Novice: 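I have a structure I would like to understand better, so I am pasting it below and will then ask my questions one at a time.
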Amino acid sequence: LAREALTNSTNEMKCEAHGTQRPIPINQIGEGLSTAHPSNSLVQSIDQHFLRYLMNECMSPSVLPLTLSDVLDISRLAATIWRQHYASILAKQQIDYMLAKRYHPQLIREQLAISDIWWRKLVLDDEIIGFSCGMGMRAVNELKIDKLYIHCNHQRKGYGALLIADAIEIMKQNEFKSIILTVNKR
C-alpha cells in the first residue's frame with residue numbers, strides 16, 4: 001500500500017513538474033524508472049535516488065546470518081509456518097514430529113557451530129519474517145538449500161528470492177559448483 005501511494009505520488013509530481021507529460025505507471029518500485037522523457041532527466045534522477053533510499057533505508061528486508069539469540073525466534077517461526085502451510089497435507093502428529101526433528105532450538109544451536117552449515121534470517125522492520133539453511137555437500141561440491149521459509153503474511157513479495165540470492169553468494173564464496181533445492185508442493 002505504501003509503495004502504491006509512493007508510486008502515485010511520484011507520478012503526480014512528474015505531471016505537475018512537466019505540465020502535459022503523463023508518465024507510464026510504475027508497476028513496482030525499482031522497475032520502470034525510465035518513464036520520464038530525456039527532458040525529465042533531473043526529475044528522473046531525483047525519483048531514482050529517492051526510491052533507492054526508501055528501498056534501502058525504509059522498506060528493504062535484510063538477509064543476515066542467524067545468531068544464537070535468534071534461535072528461539074526461528075524455532076517459533078518454523079512452527080507458525082509449518083502449522084499454517086502443511087496443515088492441509090500432513091497430520092498434526094507428522095508436523096509436530098518434523099518440527100521437533102528439524103527445528104528444535106538445541107539442533108539449530110549445534111548447526112550454527114558447523115562451518116558447512118549456513119543459517120540465515122530475513123529481517124523486515126526489526127522482525128524475522130523468514131529464514132533459510134544451506135548445507136555444504138563437499139563430496140559432490142554442491143550447496144543444498146535445506147530450508148527456505150517465509151512467513152505467510154509476507155509471501156509472494158519476492159523475499160524468497162533474496163534468500164536464494166544469498167545462497168548463491170555462499171555457493172560462490174565457497175567454490176561449490178552448483179546449488180540444489182528440493183521443493184515440496186501441495
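Just so it is clear, the structure is predicted and the values come from calculations on it, not from any experiment.
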Novice: Cys133 versus Arg120: any side-chain heavy-atom pair under 4.5 Å?
Specialist: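 Not in contact.
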Novice: Of all the heavy-atom pairs spanning Ile179 and Ala167, show the shortest one and how long it is.
Specialist: CD1-CB, 3.5 Å
Novice: With sequence neighbours left out, what residues match Asn141 under side-chain hydrogen bond (donor to acceptor under 3.5 Å, both in side chains)?
Specialist: none
Novice: Begin with the C-alpha distance, continue with both residues' side-chain angles, and end with the deciding distance and a verdict on side chain to side chain contact (heavy atoms under 4.5 Å, CB included) for Leu124 and His154.
Specialist: CA-CA 10 Å; Leu124 180 66; His154 299 281; 4.0 Å; yes
Novice: Report yes if some heavy atom in the side chain of Leu122 is under 4.5 Å from a heavy atom in the side chain of Ile128; otherwise report no.
Specialist: no
Novice: For the residue pair Ile129 and Val123, establish whether any side-chain heavy-atom pair is separated by less than 4.5 Å.
Specialist: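 The answer is no; the side chains never approach within 4.5 Å.
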Novice: Is Asp73 paired with Lys121 through a side-chain N to carboxylate O contact shorter than 4.0 Å?
Specialist: no
Novice: Look up atom CG in Leu163 and atom OG in Ser132, then write down how far apart they are to the nearest 0.5 Å.
Specialist: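 Atom-to-atom, Leu163:CG and Ser132:OG are 4.5 Å apart.
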Novice: Which distance, rounded to the nearest 0.5 Å, do you find between the NE2 of His104 and the CD of Gln111?
Specialist: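 Result: 12.5 Å between the selected atoms.
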Novice: For residues Lys101 and Tyr97, determine if any side-chain heavy atom of one lies less than 4.5 Å from a side-chain heavy atom of the other.
Specialist: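 In short, these two side chains touch, coming nearer than 4.5 Å.
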Novice: Are Pro61 and Leu162 close enough that some pair of their side-chain heavy atoms sits under 4.5 Å apart?
Specialist: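 A side-chain contact under 4.5 Å exists here.
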Novice: Is the shortest side-chain heavy-atom distance between Val140 and Met137 below 4.5 Å?
Specialist: yes
Novice: Would you name the heavy atoms of Ala78 and Phe131 that are closest together and state the gap between them?
Specialist: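 The answer is CB-CZ, 3.9 Å.
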Novice: Are any non-hydrogen side-chain atoms of Trp82 and Leu90 less than 4.5 angstrom apart?
Specialist: yes
Novice: Would Leu99 end up clustered with Ile89 when hydrophobic side chains under 4.5 Å apart are linked, directly or stepwise?
Specialist: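 In one cluster with Leu99: Ile89, yes.
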Novice: Report yes or no: do Trp118 and Leu107 belong to one cluster of Ile/Leu/Val/Met/Phe/Trp/Tyr joined by side chain heavy-atom distances under 4.5 Å?
Specialist: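 Result: no, two separate clusters.
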Novice: What distance do Ile145 atom CD1 and Thr182 atom OG1 have between them, rounded to the nearest 0.5 Å?
Specialist: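 The distance works out to 10.0 Å.
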Novice: Output the distance between atom CG (Asp70) and atom CG (Leu112), rounded to the nearest 0.5 Å.
Specialist: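 Nearest 0.5 Å value for the CG-CG distance: 8.5 Å.
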Novice: Measuring from atom CD1 of Ile117 to atom CE of Met135, what distance do you get when rounded to the nearest 0.5 angstrom?
Specialist: 4.0 Å
Novice: Kindly compute the distance separating CD1 (Ile81) from CD1 (Ile95), expressed to the nearest 0.5 Å.
Specialist: 12.5 Å
Novice: Begin from the C-alpha positions of Asp96 and Arg83 and carry the test side chain to side chain contact (heavy atoms under 4.5 Å, CB included) through to its verdict.
Specialist: CA-CA 9 Å; Asp96 292 341; Arg83 289 193 173 102; 2.9 Å; yes
Novice: Is any side-chain heavy atom of Thr80 less than 4.5 Å from a side-chain heavy atom of His151?
Specialist: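 Side-chain contact under 4.5 Å: yes.
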Novice: Aromatic rings Tyr149 and Tyr86: how do their planes relate, parallel, tilted or perpendicular, breaks at 30° and 60°?
Specialist: perpendicular
Novice: Transitively linked via ILVMFWY side-chain contacts under 4.5 Å: Leu66 with Leu72?
Specialist: no
Novice: Is it possible for you to say whether Ile180 and Trp119 belong to one hydrophobic cluster, with membership spreading through side-chain heavy-atom contacts below 4.5 Å?
Specialist: no
Novice: Show your working on side chain to side chain contact (heavy atoms under 4.5 Å, CB included) between Asp146 and Arg102 and close with a plain yes or no.
Specialist: CA-CA 10 Å; Asp146 186 55; Arg102 296 178 54 88; 2.9 Å; yes
